[in-house]
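Take a look at the structure below.
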Protein chains: 2
Amino acid sequence: MTEPEWLRLDRQICFSLHAASRAFNGVYRVVLGDLGLTYPQYLVMLVLWEQGDLPVKKLGEQLRLDSGTLSPLVKRLEAAGLVRRERSAADERSVLVRLTGEGAALRERALEVPRRIMSATGFDPAEIGELRERLDRLTAALDAAARTEATR
Amino acid sequence: MTEPEWLRLDRQICFSLHAASRAFNGVYRVVLGDLGLTYPQYLVMLVLWEQGDLPVKKLGEQLRLDSGTLSPLVKRLEAAGLVRRERSAADERSVLVRLTGEGAALRERALEVPRRIMSATGFDPAEIGELRERLDRLTAALDAAARTEATR
DNA sequence: CACAATTAAGTTGTGCACAACTAAATGCCG
DNA sequence: CGGCATTTAGTTGTGCACAACTTAATTGTG
């Protein structure tokens, strides 16, 4: 394979992933519009619904997002009345993110989201599972490589 | 399957894609750092290297990006000395993006990028091809669904 | 116990994505 | 030909991602 062909191929691969990510985002934008949530905000709410109130730190670990992204995002959720932020009494550095009644109630309306997303993909559950497995493997490899490259 | 389980599953799927996209971005950030390019800027340069000078409009069609994203991005490429922007004489609405000598020369240094990315994925070419096929199919389905949902 | 290192959250600055809008040039139709 | 719709860029505003930095609280160690 000649080098120019490598560049062509690379364009196709990186472009495919970029496009898929943006397309997914677009569908979530439409589906979540009804709930007044963005896609990353929905991810935060999913974690809170599943695991209950959590400090910002724990949220960041779950979603692999740092405080630079989470702090303003959580503030917007608070402005929307879905969560409250409370300094932990035990450790004043930590801020606990708590669902409000309204935030907890939103879960009911969110229950229809997954099915709408699934049907938008046009994939059956098995295929989705396989894709997910592949993406997770890819992510792990890429994260490892980024660390190695960075310290090269 | 109970409804809470659907929410759990959804979190896993959307999260996997989001994570993969960001992980890819991270590797490109490291690899492209040497060239002084971001990932979307690299995509623009790939199109220009492959297809020669293009108006902003055509670039946007290729990359599915609108002028709100492309205008400032191309300006940054111009500030970096990689491209020039020229109003078309034939149609004064159109702006032609032209590679400078420096921009064209950068292609040489970019030739190593695809191999570094490939090796970072830990996937062989066949597996990458398969993943790409699946992602493209997913993107097509999602785009179609977003249009249907939007007009529902 | 005092103080240096660590940790949690937040802030600042850059860049991308996208919606909504503006401005200017072109095309088309009566 | 004149005026209106369309097309092409660009602008504005919001939100996310991330790097680099700041601040305040806590931990660990001499």
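All values below come from the heavy atoms of this structure, side chains included, with hydrogens, waters and symmetry mates left out.
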Expressed as a whole number of angstroms, how long is the span from A:Leu32:CG to D:dG15:P?
15 Å
Starting from P on C:dG15, measure out to CG on B:Leu37 and report it in whole angstrom.
12 Å
Distance, rounded to the nearest Å, where B:Leu59 contributes CG and D:dA9 contributes C1'
13 Å
Upstream residue (5' side of DNA chain D) when B:Thr69 and A:Thr69 are each assigned their closest nucleotide
B:Thr69
Using the side-chain heavy atoms of B:Gln41, tell me which of these nucleotides is nearest: C:dG15, D:dG10, C:dG10.
C:dG15
So does A:Arg85 get a side-chain nitrogen or oxygen closer than 4.0 Å to the phosphate oxygens (OP1/OP2) of C:dG10?
yes
If I take atom CG in residue A:Leu73 and atom P in nucleotide D:dC18, what distance separates them, rounded to the nearest angstrom?
13 Å
Separation of B:Leu77 atom CG from C:dT14 atom C1', in whole Å?
15 Å
Of the listed nucleotides C:dA17, C:dT11, D:dC18, the one nearest the side chain of B:Leu65:
C:dA17
B:Trp49 and B:Gly103 have their tightest heavy-atom pair at NE1-O, 3.0 Å
Check every atom of D:dT8, C:dA19, C:dA9 against the side chain of A:Ser71 and return the nucleotide holding the closest atom.
C:dA9
What's the closest nucleotide to the A:Lys75 side chain, out of C:dT11, C:dA19, D:dA17?
C:dT11
Gap between atoms CD and P, on A:Glu78 and C:dA9 respectively (whole Å):
14 Å
Using the salt bridge (charged side-chain N to carboxylate O under 4.0 Å, His left out) rule, collect all pairs that involve residues 137-146 of chain A, keeping only residues at least two apart or in two chains.
A:Glu133-A:Arg137, A:Arg137-B:Glu127
Separation of C:dA19 C1' from B:Leu70 CG (nearest whole Å)
15 Å
How would you label the contact of B:Pro72 with the nucleic acid (heavy atoms, under 4.0 Å): base, sugar-phosphate, or nothing?
nothing
For a quick check, tell me whether the side chain of B:Thr38 and the base of C:dG15 share a donor-acceptor pair closer than 3.5 Å.
no
For DNA chain C, which residues in residues 89-100 of chain A have a heavy atom at a distance below 4.0 Å?
A:Arg93, A:Ser94, A:Val95
Can you tell me which nucleotide in D:dA9, C:dA9, D:dA19 comes closest to the side chain of A:Asp66?
D:dA19
Under the salt bridge (Lys or Arg N to Asp or Glu O under 4.0 Å) test, residues paired with A:Asp53 that sit two or more places apart:
A:Arg98
Is the shortest distance from a Lys or Arg side-chain nitrogen in B:Glu92 or B:Arg87 to a carboxylate oxygen in the other one below 4.0 Å?
no
Quickly work out the A:Arg87 CZ to D:dT23 C1' distance and round it to whole Å.
10 Å
Please determine if A:Asp34 and A:Arg116 form a salt bridge, counting it only when a charged side-chain N lies under 4.0 Å from a carboxylate O.
yes
Establish, from distance only, whether the side-chain atoms of B:Ser88 and B:Ser94 form a donor-acceptor pair under 3.5 Å.
no
Identify, between A:Lys58 and A:His18, the residue whose nearest nucleotide on DNA chain C lies closer to the 5' end.
A:Lys58
Hey, what's the ring geometry for B:Tyr28 with B:Tyr42, parallel, tilted or perpendicular (30° and 60° as the breaks)?
tilted
Kindly state whether the ring of B:His18 and the ring of A:Phe24 have centres lying under 6.0 angstrom apart.
no
Taking the side chain of B:Lys57 as its heavy atoms from C-beta onward, which of D:dA9, C:dC18, C:dG10 lies nearest to it?
D:dA9
